[in-house]
Amino acid sequence: MKRFVNRLATGVAFAALTAGVASAQDKPYEGVTLRVLSTQQPWDTAVEAMIDEYEEETGARVVFDLYAFGQAVQKVGVELSTGSSAYDVFFLEASDVPRYAAGGRLAPLSVMAADADYDAEDLIASTREAFTYDGEIYGVPYFAATQLYYWNAEQLSEAGVDAPPATFEDMLAMCETLKEKGIAPCTALRGKPNTSENIWYWTQIMLGEGGHWVADFPNDMTPTVNSPEAVRAAEIYAELLTEHGIPGSVSAGYDDVVVAIQQGNVPMVVEGAPLAGRILDPELSKVSGKLGFAPPPGGSAGLQAPFTAQGWAVGAASRNLEAAQDFVLWATSKETVKAVTLNSPFVAVTRDSVWEDPDFIEAHGYDFGNGSFTEAYAEALAAGDPLYRLPIPEFRSMGDRVGLALQEIVTGEASAQEALDEAQEDVTRILKRGGYLD
């Protein structure tokens, strides 16, 4: 695979990239140790398994510190917020790019667009744009995230259910029907209170009902998290979780949802499209060959599928900026991405060329006769709302606060209106501190 060797024009700004092996340097990063802080997910473990090749070519040593998703997000926050130089490369959700880029914690990577061999234009445009802040690219997306409706067609057909629900209201009615027939719980969903768990799920219901995070982004930043649409979405979410979800739903994360559908414990879930590879892992799955795939349900305002991207960014405090950038470009090159997808369950590809590659389609097509995985994935990505997560530094604080309100609703501590009214007050204060409101 191609190695990308770059050079610095000044001490802080990246210049043009030079692809391939530098004639004057056999191993240009001999003696350099790069530390990567990221998540324990298929992408990360697959790249880690391939790292000997990169180390042999460059002379660099690459050390991975991989954590469970929530732990990784917290640790990244601590390291970047304090300007620590302990790590060179960081996992980053696109919604956090404004937060850290505005604070000068990330090194710009826009020069990747200058290299024809890397072919930055091959990256799905929406994922590339998600890592752009104030005209600069601050990370490389490797993970295109949305959600799908996974349904055990064999089990549901026996119960008289032959098609996916069009709306979340329909999904509620379907669960009631299944309960009457002795099929319960009918689903599993994320209940853990934070931006990446219950908020990632609830937002699609809120948008589908016609709600929004603010009145008119970016012209009117008055928060609307207690609107009638947001309240109804919270009620739907809470009923699905408490009346039809798996035991322990209030603290469930995506791992719990994966296991529930993978092991046949529930007949349907709405969960991350990138998790299909794990759900259908032939060594673990009891439902491979039985599932159908569709875009997630919508609402009265139509389908508003989740959308975000995840990627790797280089910390501005890194002592190895050149080597760190080179590693990120190697890891997200066409050749590496294709190799990862063919040797792991990773399917959340951000490169158009890999989505169209016959080898990828053969390995991950997952069409068992009840809806094509790749077609459903493409349809959901196309329906993704670019403002699913507001591109402002304060968004995670907003999401985490509303996530706590959702947990209060689910546990019965407050009604949907009461909990979201209090969240509205706190989100208003967050936006005032950020200078968006008077």
Side-chain angles (χ1 to χ4, degrees), residues 29 32-56 58 60-82 84-97 100 105-106 131 139-145 190 192 194-197 200 252-259 262 271-272 274-279 281 283-284 308-315 317-320 323-333 336-337 339-350 396:
Y29 304 123
V32 171
T33 296
L34 295 174
R35 296 187 65 88
V36 180
L37 173 56
S38 197
T39 61
Q40 188 75 40
Q41 297 191 97
W43 161 268
D44 311 81
T45 54
V47 174
E48 184 180 25
M50 297 166 58
I51 203 60
D52 287 352
E53 175 185 339
Y54 181 77
E55 292 179 332
E56 177 61 30
T58 65
R61 177 171 175 254
V62 184
V63 178
F64 290 80
D65 284 351
L66 305 181
Y67 295 84
F69 187 87
Q71 290 177 293
V73 170
Q74 289 180 345
K75 189 164 178 59
V76 166
V78 170
E79 296 292 331
L80 285 177
S81 296
T82 59
S84 169
S85 61
Y87 292 93
D88 304 283
V89 176
F90 295 86
F91 165 81
L92 207 61
E93 290 192 282
S95 56
D96 283 333
V97 170
Y100 298 120
R105 303 304 190 187
L106 304 177
F131 273 81
V140 183
Y142 59 74
F143 185 106
R190 306 184 191 192
K192 197 175 291 185
N194 63 56
T195 300
S196 300
E197 299 284 7
W200 174 244
Y254 71 86
D255 282 324
D256 303 287
V257 178
V258 166
V259 170
Q262 179 195 67
E271 191 41 270
L275 296 170
R278 285 181 56 192
I279 291 169
D281 184 337
E283 295 184 5
L284 300 173
T308 191
Q310 297 172 2
W312 276 341
V314 175
S318 169
R319 298 187 179 96
N320 307 295
Q325 182 183 33
D326 186 72
F327 164 72
V328 170
L329 295 183
W330 169 82
T332 57
S333 66
T336 304
V337 171
V340 166
T341 67
L342 297 184
N343 291 285
S344 78
F346 179 74
V347 294
V349 178
T350 55
R396 183 167 289 278

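The residues of the chain are indexed from 1 along the displayed sequence.
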Student: Where the side chain of Thr350 meets the backbone of Pro141, is there a donor-acceptor pair that is under 3.5 Å apart?
Tutor: yes
Student: Please name the pair of heavy atoms, one in Gln262 and one in Ile279, separated by the smallest distance, quoted to 0.1 Å.
Tutor: CG-O, 3.4 Å
Student: Where is the tightest heavy-atom contact between Ser38 and Phe91, given as atom of each residue plus distance?
Tutor: OG-CB, 3.4 Å
Student: Ignoring hydrogens and angles, tell me if any N or O in the side chain of Ser85 forms a donor-acceptor pair with the backbone of Arg319 under 3.5 Å.
Tutor: no
Student: Would you sort out whether Leu80 and Leu106 count as a side chain to side chain contact (heavy atoms under 4.5 Å, CB included), showing the intermediate values?
Tutor: CA-CA 8 Å; Leu80 285 177; Leu106 304 177; 4.0 Å; yes
Student: Nearest 0.5 angstrom please: Leu275 CG to Asp281 CG, how far?
Tutor: 12.5 Å
Student: Would you give the length of the straight line joining atom CZ of Phe327 to atom OG1 of Thr58, rounded to the nearest 0.5 angstrom?
Tutor: 10.0 Å
Student: Using side-chain heavy atoms (C-beta onward) and a distance below 4.5 Å, is Asp44 in contact with Tyr142?
Tutor: yes
Student: Do Lys75 and Tyr87 have side chains that approach each other closer than 4.5 Å (heavy atoms only, starting at C-beta)?
Tutor: yes
Student: Looking at residues at least two apart in the chain, or sitting in another chain, which of them share a side chain to side chain contact (heavy atoms under 4.5 Å, CB included) with Ala145?
Tutor: Phe143, Trp200, Thr308
Student: Go through the steps for Asn194 and Val73 under the test side chain to side chain contact (heavy atoms under 4.5 Å, CB included), then give the verdict.
Tutor: CA-CA 11 Å; Asn194 63 56; Val73 170; over 6 Å; no
Student: Should the pair Asp255-Arg278 be classified as a salt bridge under the 4.0 Å nitrogen-to-oxygen rule?
Tutor: yes
Student: Which atom names give the shortest non-hydrogen contact between Pro274 and Val347, and what distance separates them?
Tutor: O-CG2, 3.6 Å
Student: Within this structure, what is the CG-CD distance for the pair Asp65 and Gln71, rounded to the nearest 0.5 Å?
Tutor: 12.0 Å
Student: Pick one: which of Phe69, Phe64, Phe346 meets ring-ring contact (aromatic ring centres under 6.0 Å, His included) with Trp43?
Tutor: Phe346
Student: Working to the nearest 0.5 angstrom, can you tell me the gap between Tyr54 OH and Leu34 CG?
Tutor: 6.5 Å
Student: Is a donor on one side and an acceptor on the other found under 3.5 Å between the side chain of Glu271 and the backbone of Tyr254?
Tutor: no
Student: Might you point out which heavy atoms bring Gly253 and Arg190 nearest each other, and give the distance in Å?
Tutor: C-CG, 4.2 Å
Student: Has the side chain of Ser344 got a donor or acceptor atom that lies under 3.5 Å from a matching backbone atom of Thr341?
Tutor: no
Student: If I compare all heavy atoms of Ala331 with all of Thr336, which pair ends up nearest, and what's the gap?
Tutor: O-CG2, 3.3 Å
Student: Can you check whether Arg35's main-chain N or O pairs, donor with acceptor, with Asp88's side chain at less than 3.5 Å?
Tutor: yes
Student: Side chains of Val76 and Asp96: does their closest heavy-atom pair fall under 4.5 Å?
Tutor: no
Student: For a quick test of reading the model, state the closest non-hydrogen atom pair linking Glu93 to Ser196 and the distance between them.
Tutor: OE1-OG, 2.8 Å
Student: Output, in order, the C-alpha distance, side-chain angles, deciding distance and verdict of side chain to side chain contact (heavy atoms under 4.5 Å, CB included) for Trp312 and Val47.
Tutor: CA-CA 12 Å; Trp312 276 341; Val47 174; 4.0 Å; yes
Student: With a 4.5 Å heavy-atom cut-off, do Leu284 and Val259 have their side chains touching?
Tutor: no
Student: With sequence neighbours excluded, what pairs up with Ala72 under the side chain to side chain contact (heavy atoms under 4.5 Å, CB included) test?
Tutor: Thr39, Tyr67
Student: A side-chain contact here means heavy atoms from C-beta on lying under 4.5 Å apart; do Thr45 and Leu66 qualify?
Tutor: yes
Student: Does the side chain of Leu329 reach to within under 4.5 Å of the side chain of Gln325, using non-hydrogen atoms?
Tutor: yes
